[in-house]
Amino acid sequence: MESFLVNGAKTLVGNVNISGAKNAAVAIIPAALLSDTPCILENIPNIKDVQIQLEILQNIGAKVTKLDENTIQIDPSNISCSTISYEAAKKIRASYYFLGALLGRFNHASIAMPGGCNLGARPIDQHIKGFEALGAKVELEHGMVQAHAEKLVGGNLYFDVVSVGATINVMLAAVKAQGTTVLENAAKEPHVVDVANFLNSLGADIFGAGTDIIKIKGVKHLSGRQYSIIPDQIEAGTFMLCAMVTHGNITIKNVTPKHLFAITEKIKNCGAIVTEFDDAVRVQMPNRPISTKIKTMPYPGFPTDMQPQIVAMLSLASGTSIVTEGVWENRFKYVNELSRLGAKLQVNDRTVIVEGVESLNAAPVKATDLRAGAALLIAALAAKGATEIEDIYHIERGYDNVVDKLKKLGADIVKINK
Ligand code: UD1
């Protein structure tokens, strides 16, 4: 069993390079199977979720070649299978993107219900509603989602909830459908735009990604190009908070500052000094953070994927903060673990009340999901003494080379194997 051992209360100073965005990469990898010819993807993060998506792609017949540490070539020309097994799909939520991509390529897809972080109910009714709007018949049988169409025909669709996954999945299915598809109440996250930009670079005709109406004119063929994945806004935000809790001074490089706007504004309210450059942000934190009020929302609101991490930071703020989860029904499972380090947290339905303490103290803790793990890491970096974080596979699903990146900033952290 692997753990992180963090000897906290060290000031973090220096530069860190942010990797490619997990949530863009896990969608663009399946999207590549819509191309007739090989694609080259750059800025691919070295994380577990990406490895799993690549394995699924290889299992159905694609050829994946690693060109360098962060560049891969995907040749999808020999894919013949449109079924994704339970064994593969249970490992990762984003395996559902194979449903839209395979449906778009073969007019047929069959995939086990996806797994992933347990954040409460994670329905896929909006994905299904979208495929049906394109003329597909979708059935759920023995834990498998089966989608089939004689041919896919563009349609109009209004999503009942703003869903990143449904927006991307229906875009994947619609890109080669006959005619025009209009998606209303679409998600506007940077990774939705990145998937659209990737598909457009292959010859797709997608207009409006990044707004809440996306128009997709179906095309017959897509052909491979070289494409670079956007930087990971959540990894960047996590390092911004590492600077805050350690009274540090970190320059976070290879980011798109616009994507970080909601995080930047919020941490400035909490007393951080943030300097923006073209593709970097510097976060300095000479004083103790100040409490605030936050509600997570779809982009451009404050991201739910930063909620556990900001609670970790606010647990050290002066005053009482109120953080409300506006996206997921159950995203407070980390609270008990954070409390072991001395955080004073009280959950009430979808809100956590954070009574700031002067300092946190080391204790053994367990990551319960990816961002919960990131929150524990932030807290452990601030805490006095040596904290052991167990179940770090959750953290490694989404953070590329996190130990080395933190060590370079002056953290005392090692990965241990017991
Ligand atoms: C993606 C991200 C995840 C992030 C989330 C919200 C990936 C791989 N994961 O997850 O890290 O926390 O966006 O920013 O990109 N919903 C429905 N029906 C559906 C689909 C969703 O009711 O068919 C609801 C969900 O229960 C949730 C909300 O819509 O309450 C948002 O979910 P969604 O945006 O779809 O999240 P994911 O795409 O799964």
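Whatever order the structure lists them in is the order used to number ligands and atoms, beginning at 1. Positions are given from 1, in the same order as the sequence printed here.
With sequence neighbours excluded, the residues that form a side-chain contact (heavy atoms from CB on, under 4.5 Å) with T246 are L12, L381.
At a threshold of 4.5 Å between non-hydrogen side-chain atoms, the residues Y96 and N169 count as touching. K22 places none of its side-chain heavy atoms less than 4.5 Å from the side chain of E235.
Across the listed options N23, I128, I234, T304, N23 owns the non-hydrogen atom lying nearest to atom 15 (O) of ligand 1. Closest to atom 29 (O) of ligand 1 by heavy atom, among V161, I124, T296, N169, is V161.
Numbered from 1 in the order shown, with element, the atoms of ligand 1 that lie under 4.0 Å from a heavy atom of R331 read 12 (O). If you number the atoms of ligand 1 from 1 as listed, the ones under 4.0 Å from a heavy atom of G165 come out as 35 (O), 38 (O). Remark: ligand 1 atoms within the under-4.0 Å shell around heavy atoms of H127 are 23 (O). Residue-ligand proximity, Q126 to ligand 1, at heavy-atom distances under 4.0 Å covers atoms 18 (N), 19 (C), 23 (O). For ligand 1 and D305, the ligand atoms under 4.0 Å from any heavy atom of the residue are 3 (C), 4 (C), 11 (O), 12 (O).
Residue-level proximity to ligand 1 for Y96 is carried by the side chain, the only part with a heavy atom below 4.0 angstrom.
Considering backbone and side-chain N/O of S163, one or more are found under 3.5 Å from N/O of ligand 1. Ligand 1 has an N or O atom lying under 3.5 Å from an N or O atom of V327, backbone or side chain. Considering both main-chain and side-chain atoms, V164 comes within under 3.5 Å of ligand 1 through a nitrogen or oxygen pair.
Between the side chains of T71 and D68, at least one donor N or O lies within less than 3.5 Å of an accepting N or O. With 3.5 Å as the limit, one finds a donor-acceptor pair spanning the side chains of D160 and Q126. Judged purely by distance below 3.5 Å, without hydrogens or angles, the side chains of T292 and S321 never pair a donor atom with an acceptor atom.
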message = Go through it in stages, so that I can follow the logic: the residues are E132 and K129, the test is salt bridge (charged side-chain N to carboxylate O under 4.0 Å, His left out), and I'd like the CA-CA distance, side-chain angles, deciding distance and then a yes or no.
response = CA-CA 5 Å; E132 287 175 344; K129 179 177 164 178; over 6 Å; no
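K220 NZ to Q178 CD: the interatomic distance, rounded to the nearest 0.5 Å, is 8.0 Å.
Heavy-atom distances between Y299 and ligand 1 stay at or above 4.0 Å for every pair. P123 counts as a contact of ligand 1, since one of its heavy atoms falls under 4.0 Å from the ligand.
Within the 3.5 Å criterion, the main-chain N or O of E325 finds no donor-acceptor partner in the side chain of E329.
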